[in-house]
Amino acid sequence: QVQLVESGGGSVQAGGSLRLSCAASGFRYSFVCMGWFRQAPGKEREGVSVINSDSSTVYADSVKGRFTISRDNAKNILYLQMNSLKPEDTAKYYCAAAYTPYCNLRGNSGYWGQGTQVTVSS
């Protein structure tokens with residue numbers, strides 16, 4: 001079965017950086033769309049960034065210029081480089097993947113990982 005396992009979360013001071021990784025396994029074909037979503041306590045899940053099979057990307061306005069999504073198709077790993085972190089970035093970050101051309105920040109379909117916690121202190 002398909003598995004997505006996130007890693008790289010942790011605690012960091014405002015202005016710091018973290019790099020999240022998502023290892024995918026159990027699939028036959030490369031995912032068309034992969035991305036990162038986050039959810040803070042009491043908040044709805046929010047799309048952070050997605051990347052298509054052609055490496056085209058979409059970012060939430062709140063992270064543009066600070067976060068960079070990338071994928072290593074040979075190793076089946078998705079990354080999220082997070083720089084200039086802010087306290088409002090604090091959330092549990094989830095990796096998602098789908099066989100769909102509708103690669104956007106809605107996050108209403110596909111496979112999901114268990115998440116990794118990111119905490120940014122001021």
Same cluster or not: are [X] and [Y] linked, directly or through other Ile, Leu, Val, Met, Phe, Trp or Tyr residues, by side-chain heavy atoms under 4.5 angstrom apart?
{"X": "Y94", "Y": "L80", "value": "no"}
{"X": "M34", "Y": "V2", "value": "yes"}
{"X": "Y99", "Y": "I51", "value": "yes"}

In Å and rounded to the nearest 0.5 Å, what is the [atom1] to [atom2] distance from [X] to [Y]?
{"X": "R66", "Y": "M82", "atom1": "CZ", "atom2": "CE", "result": "9.5 Å"}
{"X": "K92", "Y": "Q114", "atom1": "NZ", "atom2": "CD", "result": "7.0 Å"}
{"X": "D89", "Y": "S84", "atom1": "CG", "atom2": "OG", "result": "9.5 Å"}

Within the side chain of E6, is there an N or O that forms a donor-acceptor pair under 3.5 Å with the backbone of T116? no
Donor-acceptor check, side chain of T119 to backbone of T90, threshold 3.5 angstrom: yes or no? no
For residues 56-65, dump all side-chain donor-acceptor pairs below 3.5 Å to protein atoms at least two apart in sequence or in another chain.
residue, atom, partner, partner atom, Å
S56, OG, D54, OD1, 2.7
Y59, OH, I69, N, 2.9
D61, OD1, K64, NZ, 3.0
S62, OG, R38, NH2, 3.4

Specify the closest pair of heavy atoms between C103 and N52, including all atoms of both residues, with the distance to one decimal. CB-ND2, 3.9 Å
Restricting to non-hydrogen atoms, name the atom on Q117 and the atom on A91 that form the minimum distance, rounded to 0.1 Å. NE2-O, 3.4 Å
For Y93, what residues pass the ring pair (Phe, Tyr, Trp, His ring centres under 6.0 Å) criterion, not counting sequence neighbours? none
Would you list the pairs meeting ring-ring contact (aromatic ring centres under 6.0 Å, His included) in which at least one residue belongs to residues 37-57, sequence neighbours left out? F37-W112
With a sphere of 6.0 Å drawn around CD of Q39, does it hold more than 12 non-hydrogen atoms of other residues, nucleotides or ligands? yes
Under 4.5 Å side-chain heavy-atom separation, chaining through any Ile, Leu, Val, Met, Phe, Trp or Tyr, what else clusters with I77? Say none if it is isolated. Y79
Counting only pairs under 3.5 Å, give me each side-chain donor-acceptor contact of residues 12-33, with atom names and distances, residues two or more places apart or in other chains.
residue, atom, partner, partner atom, Å
S17, OG, N83, OD1, 2.9
S30, OG, R71, NH2, 3.4

